[in-house]
Amino acid sequence: MASIVLIACLAVLGLIIAIALFLAGGYLWWRHKRSQLQFIEPNEDEESSSYSLRAAQDIVDSGNPPTKPQVPATQAITTPLQNNINRKLNGFLSLRTPLIGGSGTTQAKPQNASSVGNVGDGTTKDSANKSISMTDMYLDSTDSSENVGQIHFSLEYDFQNTTLILKVLQGKELPAKDLSGTSDPYVRVTLLPDKKHRLETKIKRRTLNPRWNETFYFEGFPIQKLQSRVLHLHVFDYDRFSRDDSIGEVFLPLCQVDFAGKQSFWKALKPPAKDKCGELLSSLCYHPSNSILTLTLIKARNLKAKDINGKSDPYVKVWLQFGDKRVEKRKTPIFTCTLNPVFNESFSFNVPWEKIRECSLDVMVMDFDNIGRNELIGRILLAGKNGSGASETKHWQDMISKPRQTVVQWHRLKPE
């Protein structure tokens, strides 16, 4: 009898523990979902304008402005929480285009505005700050010795309809990617930082000098919002049975474009990085009076993921070298779970003027691992002679030629 009572008590106790664990798990799940709904509210500019792209496959000269589609009445009655969720799910963008999941025919070219306002009057301090940040993020100041052709395109802005009009015209001297000695090029168009929505031109078969002559309309972009975007044109070679080959790309910050009139551009394509380890922004400064060499590691971007969660735990290790001899080592703190760390760390070394041309800085971006050996993400060698690349050598020479001045430059990390 006593054993039966004991078993019953244990069963009741186990049931109580199971219920408590179930309730605790439900509470934690509710807290997790609730925290996901606490989004950052978009600014007034993002809330008031919609992002609409249209592509006309051939340039047309119709003068009729496009008609905007009617919004259903049920769509207008939404709570602030629903709007917040919808903006989060759609990346704060409302996209309407025949090329991306849309239906219907391509519309005619919108009519240009009869009068052009002052562009400078419409820009605010916030949009200027965004433009600087976007330019810094996507613009690569390094020169490439490899020639992969050029692209011709034009830009104009319709102030009346707040529409950016992009015409992708032609390419020239593209490299051959096929065995036949030709390529099948097309252009992929995006307005960064939005990478999800993209448009493409038609494929031009068996040519190294394609003529696309296609027009793309980006609707619902006030001039303040537009100046915080970067136009990205990426030329690919189409392959039917394998992955399309990248030929080259161009980044153009729109804050650098004068929209008072139609602008035409010939831009040299930059080849894609073969080993994408990421990039590092650093500065050098040398004071001959006290023989102090200062290296500042500002930030990195697009680092290669080394962990199974698609992230890395980066830190930077720096060696001061004289020839092949390592003299002094410095390290930054570790930044967990990020591919775009901001270091803002400065290291000073005592280097006499007569040895400044002989020394070098070996900069290694590492991934920290709790278990096992730390892995190299990428590295650069800053030196006046035999640097890891033309960009690194030029950076060092600029530092020597401009004493007491801080020289800032982006560098592509190299694999070991």
Side-chain angles (χ1 to χ4, degrees), residues 53 55-58 97 99-101 137-155 166-216 229-253 265-279 301-306 310 339 377-378 388-391 410-416:
L53 293 82
Q57 297 300 335
D58 298 304
T97 170
L99 295 185
I100 308 175
M137 180 60 67
Y138 292 103
L139 201 60
D140 186 3
S141 61
T142 58
D143 295 327
S144 173
S145 58
E146 185 179 354
N147 179 24
V148 292
Q150 301 179 54
I151 188 169
H152 185 200
F153 61 96
S154 67
L155 287 169
L166 164 69
K167 296 182 181 179
V168 181
L169 300 173
Q170 61 179 315
K172 186 171 70 172
E173 299 175 355
L174 302 183
K177 293 289 184 178
D178 299 335
L179 295 176
S180 61
T182 60
S183 294
D184 302 319
Y186 68 93
V187 183
R188 182 177 294 167
V189 182
T190 51
L191 273 187
L192 298 172
D194 176 29
K195 297 181 181 180
K196 181 178 178 182
H197 304 113
R198 57 195 186 193
L199 301 174
E200 294 178 354
T201 66
K202 290 181 178 179
I203 300 166
K204 297 300 177 180
R205 304 283 182 176
R206 296 180 294 278
T207 178
L208 301 180
N209 297 283
R211 290 182 175 272
W212 292 288
N213 288 332
E214 297 186 33
T215 304
F216 299 91
R229 301 301 173 104
V230 174
L231 177 66
H232 182 209
L233 303 179
H234 198 161
V235 182
F236 286 89
D237 168 56
Y238 172 77
D239 282 320
R240 177 172 298 192
F241 301 108
S242 63
R243 188 176 181 180
D244 295 349
D245 297 320
S246 174
I247 293 177
E249 58 189 351
V250 167
F251 295 93
L252 178 62
F265 302 90
W266 272 105
K267 291 286 186 180
L269 295 170
K270 291 200 172 185
K274 294 179 175 62
D275 297 295
K276 295 185 178 179
C277 301
E279 295 172 282
R301 65 186 180 191
N302 303 325
L303 295 180
K304 189 173 183 179
K306 290 290 186 177
L339 300 179
I377 296 176
S388 56
S391 169
W410 279 102
H411 298 285
R412 277 201 177 102
L413 296 171
K414 278 79 173 174
E416 191 167 17

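Below, all heavy atoms of this structure are taken into account, side chains as well, without hydrogens, waters or symmetry copies. We number each residue from 1, following the sequence as shown.
Between K167 and T215, the shortest heavy-atom distance links the atoms CG-OG1, 3.6 Å. Across all their heavy atoms, K414 and C277 have their closest contact at C-SG, 4.2 Å. Between R206 and T182, the shortest heavy-atom contact is CA-OG1, 3.6 Å. The minimum heavy-atom distance linking W212 with P185 is given by the pair NE1-O, 3.5 Å. Residues R198 and T190 approach most closely at CB-CG2, 3.2 Å, considering heavy atoms.
To the nearest 0.5 Å, the span separating NE2 on H232 from CG on D194 amounts to 13.0 Å. Put simply, NZ on K267 and CD on Q150 are 11.0 Å apart, with the number rounded to the nearest 0.5 Å. One distance of note links CG of N209 with CD of Q170; it measures 8.0 Å at 0.5 Å rounding. Separating the CZ atom in F265 from the CG atom in L169 is a distance of 11.5 Å, to the nearest 0.5 Å.
Side-chain atoms of L233 and V189, non-hydrogen and from C-beta on, do get closer than 4.5 Å to each other. You'll find the side chain of F251 reaches within 4.5 Å of the side chain of L192, heavy atoms only. When side chains are defined from C-beta on, F153 counts as touching L252, because their heavy atoms get closer than 4.5 Å. Within the 4.5 Å cutoff, no side-chain heavy atoms of K172 are placed close to those of H152. A 4.5 Å side-chain heavy-atom check between K204 and R211 finds every atom pair outside the cut-off. Counting heavy atoms from C-beta on, the side chains of L191 and L231 come closer than 4.5 Å. Annotation: side chain of L269 is in contact with side chain of V250 (closest heavy-atom distance under 4.5 Å).
Between the side chain of D244 and the main chain of D239, a donor-acceptor pair closer than 3.5 Å is present. Looking only at distances, a side-chain donor or acceptor of T201 sits under 3.5 Å from a matching main-chain atom of V187. Remark: side-chain polar atoms of S183 are paired, donor with acceptor, to backbone N or O of P175 under 3.5 angstrom. Side chain of K270 to main chain of A268: no donor-acceptor pair is present (N/O by atom type, distance under 3.5 Å, no hydrogens or angles).
Below 30°, between 30° and 60°, or above 60°: for Y238 and Y186 the angle between ring planes is above 60°, a perpendicular geometry.
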Could you please spell out the steps behind the side-chain contact (heavy atoms from CB on, under 4.5 Å) verdict for L174 and V148? CA-CA 6 Å; L174 302 183; V148 292; over 6 Å; no
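In the displayed structure, R205 atom CZ is contacted under 6.0 Å by more than 12 heavy atoms of other residues, nucleotides or ligands. Within a 6.0 Å sphere centred on NZ of K306, other residues, nucleotides and ligands contribute more than 12 heavy atoms.
Screening residues 173-189 for salt bridge (charged side-chain N to carboxylate O under 4.0 Å, His left out), with sequence neighbours left out, gives R188-E200.
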